[in-house]
2 protein chains.
Amino acid sequence: MENAKKAKPAGLMKSGYHHGDLRAGLIEATRQLVEEKGPDGFSVSDACRLAGVSTAAPYKHFKDKAEMITAMVTEGMVRHRENMLNALEGVPVGTPARVTALGRQYVDFALNEPGVFRLKFGGFTDRLDDPKLQEAGEGTFSIVLREVALCRGETEITPDVRRRGFMLWSFVHGLSFLLADPKLTKLGGEFEIDDILSDLSVRMLAD
Amino acid sequence: MENAKKAKPAGLMKSGYHHGDLRAGLIEATRQLVEEKGPDGFSVSDACRLAGVSTAAPYKHFKDKAEMITAMVTEGMVRHRENMLNALEGVPVGTPARVTALGRQYVDFALNEPGVFRLKFGGFTDRLDDPKLQEAGEGTFSIVLREVALCRGETEITPDVRRRGFMLWSFVHGLSFLLADPKLTKLGGEFEIDDILSDLSVRMLAD
DNA sequence: TGTCAAAGTAAGGACTTCTAACATATAAGT
DNA sequence: ACTTATATGTTAGAAGTCCTTACTTTGACA
């Protein structure tokens, strides 16, 4: 009787009933709104309008507004991590070019999804409390650390490797913020992002 | 001419009427709220409560909420620029130590006033539209450029100087964001901010 | 005393988040 | 197939906050 209380046949997730997959739909709507109106220009009501459902619908999927937005950011960060891994494909192991490639992908995420990026890193983190989100962030950083270690000829994450990784992250992180704001970017004059990133990688991986 | 009025003296330095200097009082209240509740945890009503005036009072001094918060951020950035200039005092001209000192002050501002810092740089800039604010920002960056030029033996802001300055800014900017968030800072392991900043200055000013 | 800028009072009107009660489509069990 | 349970959505609305404006009052100064 109660042995089959948690049957969740996956193969046909789209064969929903009313909406299909409202949870995903709301997350997508949330993402669009944040991209369109900025990190704070979001309301549950707006997301519902965009998703085409009533304002009460989200509460069947999320405890409250915070959980809804946290879910969206978490999804974004998981996507970010995957992008970072993919960026390494085909780049020779143990070369600074791999670090450069990671930096380029990091910047690209900030440029492609500035709303999500700033929501995650712009100082709202206090309220974004989710183990999966934390895990995605740490996982992403560990990708960088591994590449730095390889470049430095280390077999494990030494304090020196961690320090260099953190410095590289600081740089790419700041660059992402500056590039996401035209008013600030223009102060840098004319430059190629790739040049700056490879220059940086070489400097930070040298002795 | 009933001069027997019991008007409170109060130094009269302000235009002494009801509040003294409500404009400044509201800006300070706004700042406190942003520091306490984060970049988006601010409302005109709250600021009024904190300043001890009615919710209609601000509209004698600011056109609307946006102008009020822009004024607060602008004031913060002017303060920031002054701090940067002061940080150079006593540091030998033409040495990387001067760049390091600027970076340290930049980071300190982010740590001391994280709310203002993130409000300015966290992606709300679209709405923060004020010539004085823009000027304060550009002025601050020009301080950095001047020091970089001196270190590089240049007499003017060449493209190379601008590029190095922008890279240094990126780094310090990103570091500030990471340091303002304990969850992110701890990924860097054990380190001294000053060590990282001086290490960075040397690397970025080298040929 | 009269003027005028600055603050207070009151209120409008729009939005929010979230809950409660009700409706219905799908899945499960018989 | 039929019933039942569950998940999902809708409608209605409570309860509250917010921004802003119109009008009134206060008090400093000439």
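These numbers come from the heavy atoms of this one structure, side chains and all, not from hydrogens, waters or symmetry mates. Here the structure is a predicted model, which is why all the values come from computation and not from measurement. Reminder, nothing fancy here: chain letters follow the sequence lines and each chain counts from 1.
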Starting at [atom1] of [X] and ending at [atom2] of [N], how long is that distance when rounded to a whole Å?
X: A:F62; N: D:dG9; atom1: CZ; atom2: C1'; result: 15 Å
X: A:K63; N: C:dT19; atom1: NZ; atom2: P; result: 9 Å
X: A:L33; N: C:dC15; atom1: CG; atom2: C1'; result: 15 Å
X: A:Y59; N: C:dC18; atom1: OH; atom2: C1'; result: 5 Å
X: A:K60; N: C:dA20; atom1: NZ; atom2: P; result: 11 Å

Check whether any side-chain heavy atom of [X] lies under 4.5 Å from a side-chain heavy atom of [Y], and answer yes or no.
X: A:F141; Y: A:R146; answer: no
X: B:D199; Y: A:M167; answer: yes
X: A:I143; Y: A:L88; answer: yes

Mind telling me whether B:F117 and B:Y106 have parallel, tilted or perpendicular rings, with 30° and 60° as the class edges? perpendicular
Strand-adjacent residues in residues 66-76 of chain A, judged by heavy atoms under 4.0 Å from DNA chain D: none
Check each of B:E35, B:E28, B:E36 against B:Q32 using the side-chain hydrogen bond (donor to acceptor under 3.5 Å, both in side chains) test, and report the only one that passes. B:E28
Please list, pair by pair, any protein nitrogen or oxygen found under 3.5 Å from a nitrogen or oxygen in nucleotides 16-18 of chain D.
unit_1 : atom_1 : unit_2 : atom_2 : d
D:dC18 : OP1    : B:S43  : OG     : 3.2
D:dC18 : OP2    : B:R49  : NH2    : 3.3

Below 4.0 angstrom, N of the basic side chain to O of the carboxylate: do A:D129 and B:K183 qualify? yes
Compute the centroid of each ring, for A:F166 and then for A:H173, and state whether the two points are separated by less than 6.0 Å. no
Is it true that B:F121 and A:F177 have ring centroids separated by less than 6.0 Å? no
Have a look at A:A56 and say if it touches a base, only the backbone sugar-phosphate, or nothing, with a 4.0 Å heavy-atom cut-off. base
Is any side-chain N or O of B:H61 closer than 4.0 Å to OP1 or OP2 of C:dA5? no
Quick note, A:A57 side chain, CB onward, closest among C:dC18, D:dT10, C:dA11 is D:dT10
Return the set of residues passing salt bridge (Lys or Arg N to Asp or Glu O under 4.0 Å) with A:D194 (not counting sequence neighbours), or none when no residue passes. A:R104
